[in-house]
Asker: 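First, the structure itself, so that you have it in front of you.
On a predicted model such as this, the values are computed, not experimentally measured, just so you know. Whatever order the structure lists ligands and atoms in, that order sets their numbers, starting from 1.
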Amino acid sequence: MRIPRTNCARCDVVLTEENGYRRSDSFTFRSLCRICFALERRRRHDAKEEKRREALGLVTPHCAICGSTETVTRSGRVRRPSIDHCHRTGVIRGVLCSGCNSGLGLFSDDPARLRAAAEYLERYAAPAEA
Ligand SMILES: [Zn+2]
Ligand SMILES: [Zn+2]
């Protein structure tokens with residue numbers, strides 16, 4: 001008979017009903033506590049995402065439009081810049097920060113409209129200080 005592990009394989013905390021990770025519909029403990037399980041899941045996801053970006057040649061942290069790095073955070077970490085793709089063709093275009101990515105979306109990825117918006121802003125731009 002296989003004796004179930006009673007300590008977290010990572011941090012060695014004694015697993016209980018409350019701190020042990022288990023599938024919602026089963027009572028069999030995994031050998032990790034919930035915290036270690038969450039960290040492990042994140043670590044695996046990160047490694048997978050890093051590989052995917054490497055394969056695409058998109059490891060840069062800089063936005064292809066504004067050149068800055070991402071500042072928006074999620075779960076306490078700075079988000080990875082988005083991999084932008086053309087919604088019509090599915091072709092991957094590059095890495096964008098959240099702001100630029102939403103901007104393109106709000107302008108329906110329409111270059112003419114974006115140019116018109118730029119001209120509109122320039123019309124009302126404050127003159128450069130002498
Ligand atoms: Zn643990
Ligand atoms: Zn940007």
Side-chain angles (χ1 to χ4, degrees):
M1 192 182 83
R2 201 169 152 270
I3 300 158
R5 191 193 283 271
T6 53
N7 291 64
C8 173
R10 198 55 47 78
C11 70
D12 211 38
V13 73
V14 176
L15 296 177
T16 65
E17 274 287 301
E18 287 72 42
N19 75 5
Y21 169 77
R22 68 170 192 228
R23 287 164 197 263
S24 55
D25 58 345
S26 110
F27 282 87
T28 49
F29 282 133
R30 287 268 205 103
S31 56
L32 294 176
C33 72
R34 284 175 196 219
I35 294 166
C36 290
F37 176 77
L39 290 172
E40 178 63 19
R41 189 172 46 188
R42 179 185 268 196
R43 198 191 60 75
R44 276 193 205 164
H45 174 80
D46 281 354
K48 226 173 108 186
E49 183 59 23
E50 219 49 57
K51 273 223 179 89
R52 183 169 89 94
R53 287 177 185 240
E54 256 165 51
L56 293 168
L58 297 173
V59 282
T60 173
H62 297 281
C63 172
I65 292 177
C66 70
S68 64
T69 54
E70 188 63 81
T71 54
V72 173
T73 58
R74 190 169 58 186
S75 315
R77 308 190 291 180
V78 174
R79 281 186 51 159
R80 250 179 269 273
S82 311
I83 294 179
D84 172 53
H85 65 274
C86 174
H87 292 276
R88 221 161 19 80
T89 62
V91 169
I92 288 171
R93 296 186 289 214
V95 162
L96 297 180
C97 75
S98 297
C100 291
N101 195 30
S102 332
L104 289 189
L106 292 170
F107 279 84
S108 314
D109 286 16
D110 180 350
R113 198 166 157 196
L114 284 157
R115 259 182 230 111
E119 279 160 23
Y120 170 83
L121 287 175
E122 279 163 1
R123 218 181 301 150
Y124 298 101
E129 279 175 48

Asker: Would you say T60's side chain and H62's backbone share a donor-acceptor pair under 3.5 angstrom?
Answerer: yes
Asker: For the backbone of V14 and the side chain of N19, can you confirm whether one donor and one acceptor N or O come within less than 3.5 Å of each other?
Answerer: yes
Asker: If I take atom CD from residue E40 and atom CZ from residue R10, how far apart are they, to the nearest 0.5 angstrom?
Answerer: 4.5 Å
Asker: With rounding to the nearest 0.5 angstrom, report the CD1 to CZ distance, I83 to R52.
Answerer: 4.0 Å
Asker: Does R34 reach the main-chain N or O of G20 with its side chain, forming a donor-acceptor pair under 3.5 Å?
Answerer: yes
Asker: Listing by chain and number, which protein N, O or S atoms are under 2.8 Å from the Zn ion (ligand 2)?
Answerer: C63 SG, C66 SG, C97 SG, C100 SG
Asker: Does V59 offer a backbone N or O that forms a donor-acceptor pair with the side chain of E54 under 3.5 Å?
Answerer: no
Asker: Roughly how far, to the nearest 0.5 Å, is NE2 of H85 from CG of L96?
Answerer: 11.5 Å
Asker: Going hydrophobic residue to hydrophobic residue with side-chain gaps under 4.5 angstrom, can you get from L114 over to I65?
Answerer: yes
Asker: Under the side chain to side chain contact (heavy atoms under 4.5 Å, CB included) test against C63, which residue among P81, S98, C97 passes?
Answerer: C97
Asker: How many protein N, O or S atoms sit closer than 2.8 Å to the Zn ion (ligand 1)?
Answerer: 4
